[in-house]
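The structure presented is a predicted model; accordingly, all values stated were derived computationally and were not measured.
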Amino acid sequence: MTLAPVIIAIDGRSGAGKTTLAIELAARLREHHKVSLFHLEDIYPGWNGLAAGIERFVSTVLAPLRRGEAAEWISWDWAKHYDGQARTTLPAEIVIVEGVGAAATAARPLLDAVIWAESSDDDRRTRALTRDGGTYEPFWDQWAAQEEDWLAADPVPDHADVRVLNRADGTAPADVLLALQYLPALAPALLPELSARWGLRLRAERLDCVPDPARLFDDLYGRSRNAVWLDSSLPPEGSAAERSRFSILADDGGSFGQVVRHRSGVTLLTTGTATVETAGPFFRWLDGVWGRRALRAPEGYACEFTLGWLGYLGYELKRETGGSDVTSGAPDAAMIFAGRAVVLDHVEHTVWLLALEGPDAEEWLALARAAVTAAASPAGSATARPVSTGGTAVESTAVGTGSPTAPFFAARDSELAYKAKIAEAQREIAEGNTYEVCLTTAVTAALGCGPDALDPWQVYLALRRKNPAPFASYLRFDGLNVASTSPERFLRIAADGGMRAEPIKGTRPRAAEPDRDEDLRRELESSPKDRAENIMIVDLLRNDLSHFAVAGSVTVSRLCAIESYATVHQMVSTIDAKLKPGLPRAEAVAACFPAGSMTGAPKISTMAILDRLEGEPRGVYSGAIGYFSLSGAMDTAVAIRTLVIRDDGAGGTELSLGIGGAITADSSPQEEYDEIRTKAFGVLSALGAEFPEG
């Protein structure tokens, strides 16, 4: 008797390529492990023996292997249509069982992982008959009917840990092996494979030129289903210089590309043709894939992003940080893993091409080099030709045309209803349940298809021209687009452990007349109410950071400073700290999430009040957008001034813009309502839309 093996089942309908996948996966695993293989086709008792074969498999093969014992079983003689020879399958460190029914209900308690292989009906039939010749053809329909009856009663795909679209092009085994490494149950057995994930090499090239970033993103990633542009669209000057220095452009392409979505405690990660599902907190998952230093920056490269994860953390992840569990229509988190990216340094006027060493690195570097050169040439400038086609074009840096029809937005809360919620928030403050309530609402629009359709890419280009911001961003996740012009940093953790939060609390509109504009700026600067709001959030963030900071390292280097953007003046503070060595970095992020400037204080009890007052999930809005680098660094912005554009499933589009403000005991309901209109102006005006009346 030996130690119980790790048992992996590969299931799927006939002809889905299970046998080939099992053999090739076993070959890859044998580089570091002893592996046994079992094929269920050897044990089925005839062409109508699916149910009986599953029973034989579980009792005579799987059960003893699970105990670490040799499995003694009787094979089926397909030529004589009768029981064949007695055979033995020995346990090994890893056992792969494959065939229709390998992950049936009776088998699943004995398995460590279930892989479901999928393929089109035509491909399956062709593959199966090619493999078995004419012997299978007379029985194809009979066997297929058994499969359908079995799956109707036992929906194995719903219980699969990994699902793979097996195109028989040689990509599935590598994709599946990578997906298996994300399963906690397999992590101890796959330590050699996991360690190889951290043995990565970075290739980097520097180009001295200034490409048009919109042109470059469209050329490289305009056809990518999942792509991210962290776009420092504000010139790197003055107090925003550090925040506006770098822009990052990437997608999930290439041999290392992955995309992850998390919803209500379940994480779905797709790598190539395989998708793996795991349950558990997202911040714990994030720490496992990011929370250690795997790559250092190349010489002369000032940015801390050395490839890694990019995307957003939605507000509803608060369920993991003390908030209640609220279900959102959008994923609670969505990110890509970029194994290659373009980084623009707006201070040194250089471009860096980054790629993990791999079989496609050289080809991509050549492609990216050519795209950068084209986007930096006069012929490739922003005014030379339209950036994108499809949908209604709106005014943008690269297009310069106007939208013939502006979206019509409706308010979630009328003016009267929002003011009533302000009064209720002030009642909670008066009763001592909270000090400050960051009350939010939303305006939404529904657009049809055809001539009324709106191209999310064109929308973002219009936003970045109207309201440039240090933390602007454009995210595309296959039917979900996020167009953000955020000015506010949520949290930065440098590779050396330096932490920084820069909350914004306090807003005034910009005015066209210089004297009036200066009056508004001074009014904000001297406002006791706005200063009190800002200082409350500073105290909250000092407390959040202190849980993971070196004692005495938490400092406020800037308090209630005024920064001016295209449409608003803002009051900003800066809190710095030093992360304690060895502490989980993702847990430090979770300790500060969601941003205190979007909740109020005290955070946990105020979030409960907000859930009741707002009555709707926030989704992406007031979460965080940014990167988690293989250098161990991260930098994220608060998802404000952010338009979320979603496919409605019927060919149309839904637009949502979250807006809000901090309510204190001294708040004026009219002034607070005017403030959300001011905050919405920069986004709505870029679309030619107006804030809804009433």
Side-chain angles (χ1 to χ4, degrees), residues 8-31 35 37 39-41 96-103 113-133 136-137 140 143-144 147-148 151 155-183 193 221 223-227 251-261 268-277 336-340 356 358-361 363-364 367 476-479:
I8 301 170
I10 302 179
D11 208 334
R13 292 179 173 87
S14 289
K18 301 180 296 300
T19 301
T20 302
L21 175 59
I23 292 170
E24 294 183 2
L25 180 61
R28 292 171 184 267
L29 287 168
R30 284 185 177 122
E31 294 182 21
V35 181
L37 262 175
H39 305 286
L40 267 73
E41 67 178 21
I96 298 175
V97 294
E98 69 83 16
V100 181
V114 173
I115 300 166
W116 178 263
E118 298 175 336
S119 189
S120 71
D121 291 346
D122 289 343
D123 285 348
R124 288 194 302 104
R125 184 183 179 96
T126 300
R127 192 182 288 156
L129 298 184
T130 299
R131 180 193 66 199
D132 294 330
Y136 193 173
E137 189 165 11
W140 174 264
W143 186 265
E147 292 180 356
E148 292 305 315
L151 288 171
V156 174
D158 295 344
H159 300 277
D161 301 296
V162 177
R163 298 182 68 154
V164 58
L165 180 59
N166 193 356
R167 301 191 183 100
D169 59 0
T171 60
D175 293 340
V176 168
L177 181 56
L178 180 57
L180 290 173
Q181 295 169 40
Y182 286 98
L183 295 176
E193 287 79 10
Y221 307 122
R223 288 158 294 282
S224 301
R225 295 176 66 180
N226 304 292
D251 72 353
D252 63 337
S255 55
F256 293 94
Q258 300 164 47
V259 60
V260 65
R261 294 172 179 83
L268 284 176
L269 178 136
T270 299
T271 171
T273 60
T275 297
V276 56
E277 177 177 317
I336 60 170
F337 180 84
R340 54 203 195 186
L356 295 177
D360 52 1
E363 180 183 0
W364 180 82
L367 176 69
R476 183 192 301 135
F477 288 103
D478 192 19

Would you mind writing out the side-chain donor-acceptor pairs for residues 166-175 within the sub-3.5 Å range, not counting sequence neighbours?
| from | atom 1 | to | atom 2 | distance (Å) |
| --- | --- | --- | --- | --- |
| Asn166 | OD1 | Ala168 | N | 3.3 |
| Asn166 | ND2 | Ala16 | O | 3.1 |
| Asn166 | ND2 | Gly17 | O | 3.2 |
| Asp169 | OD1 | Thr171 | N | 3.1 |
| Asp169 | OD1 | Thr171 | OG1 | 2.7 |
| Asp175 | OD2 | Thr273 | N | 2.9 |
| Asp175 | OD2 | Thr273 | OG1 | 2.9 |

Subject >> All side chain to side chain donor-acceptor pair (under 3.5 Å) counterparts of Thr20, not counting sequence neighbours >> reply: none

Original post:
Among all residues two or more places apart in sequence or in another chain, which pass the side-chain contact (heavy atoms from CB on, under 4.5 Å) test with Ala113?
Top reply: Ile8, Asp161, Leu180, Leu183, Leu186

Original post:
With distance as the sole test, does Arg163 use its side chain to make a donor-acceptor pair with the main-chain N or O of Glu118 at under 3.5 Å?
Top reply: no

Subject >> Minimum side-chain heavy-atom gap Phe337-Val259 below 4.5 Å >> reply: no

Original post:
Does Asp251 use its side chain to pair, donor to acceptor, with the backbone of Ser224 at less than 3.5 Å?
Top reply: no

Original post:
Charged N to carboxylate O under 4.0 angstrom, Arg13 versus Glu148?
Top reply: yes

**OP:** Under the salt bridge (charged side-chain N to carboxylate O under 4.0 Å, His left out) rule, collect the residues that match up with Glu24, sequence neighbours excluded.
**Re:** none

Original post:
Taking side chain as C-beta onward, heavy atoms only, is Ile96 less than 4.5 Å from Ile10?
Top reply: yes

Original post:
Can you find a heavy atom in the side chain of Val176 that is under 4.5 Å from one in the side chain of Ile115?
Top reply: yes

Original post:
Do Ser255 and Leu356 have side-chain heavy atoms sitting under 4.5 Å apart?
Top reply: no

Original post:
Got Val162 and Thr275 here, is their nearest side-chain heavy-atom distance under 4.5 Å?
Top reply: no

**OP:** Answer yes if the side chains of Asp478 and Asn226 hold a donor-acceptor pair under 3.5 Å, and no otherwise.
**Re:** no

Original post:
Got a sec, which residues hit side-chain contact (heavy atoms from CB on, under 4.5 Å) with Thr19, two or more places apart in sequence or on another chain?
Top reply: Ile23, His39, Glu98, Arg131

Original post:
Backbone N or O of Leu177 within a donor-acceptor pair of the Gln181 side chain at under 3.5 Å?
Top reply: yes

Original post:
Taking atom CG of Leu268 and atom CD of Glu277, what is their separation to the nearest 0.5 Å?
Top reply: 5.0 Å

Subject >> salt bridge (charged side-chain N to carboxylate O under 4.0 Å, His left out) partners for Arg340, two or more places apart >> reply: Asp360

Subject >> Validation row: Ser14, Val100 side chains within 4.5 angstrom (heavy atoms) >> reply: yes

**OP:** Kindly write out the residues that satisfy salt bridge (charged side-chain N to carboxylate O under 4.0 Å, His left out) with Asp121, not counting sequence neighbours, or none if the list is empty.
**Re:** Arg124

Original post:
Can you name the residues that form a side-chain contact (heavy atoms from CB on, under 4.5 Å) with Ala338, not counting sequence neighbours?
Top reply: Ala250, Leu310

**OP:** Could you list the residues that satisfy ring-ring contact (aromatic ring centres under 6.0 Å, His included) with Trp364, not counting sequence neighbours?
**Re:** none

**OP:** Report the residues that fulfil ring-ring contact (aromatic ring centres under 6.0 Å, His included) with Phe477, sequence neighbours left out, ordered by chain and then residue number.
**Re:** none

Subject >> Which residues share a salt bridge (charged side-chain N to carboxylate O under 4.0 Å, His left out) with Arg261, sequence neighbours left out >> reply: none

Original post:
Do side-chain atoms of Arg476 reach the backbone of Tyr221 as a donor and acceptor pair under 3.5 angstrom?
Top reply: yes

Original post:
If you measure only the distance, is there a donor-acceptor pair under 3.5 Å linking the side chains of Gln258 and Tyr182?
Top reply: yes

Original post:
Which residues satisfy the side-chain contact (heavy atoms from CB on, under 4.5 Å) test with Pro155, sequence neighbours excluded?
Top reply: Asp158

Original post:
Shortest non-hydrogen contact from Phe256 to Gly339?
Top reply: CB-CA, 4.0 Å

Original post:
Under 3.5 Å, is there a donor-acceptor pair between the side chain of Lys18 and the main chain of Gly12?
Top reply: yes

Subject >> Shortest non-hydrogen contact from Leu40 toward Gly101 >> reply: CD2-C, 3.9 Å

Subject >> Whether over 12 other heavy atoms sit under 6.0 Å from Arg30 CZ >> reply: yes

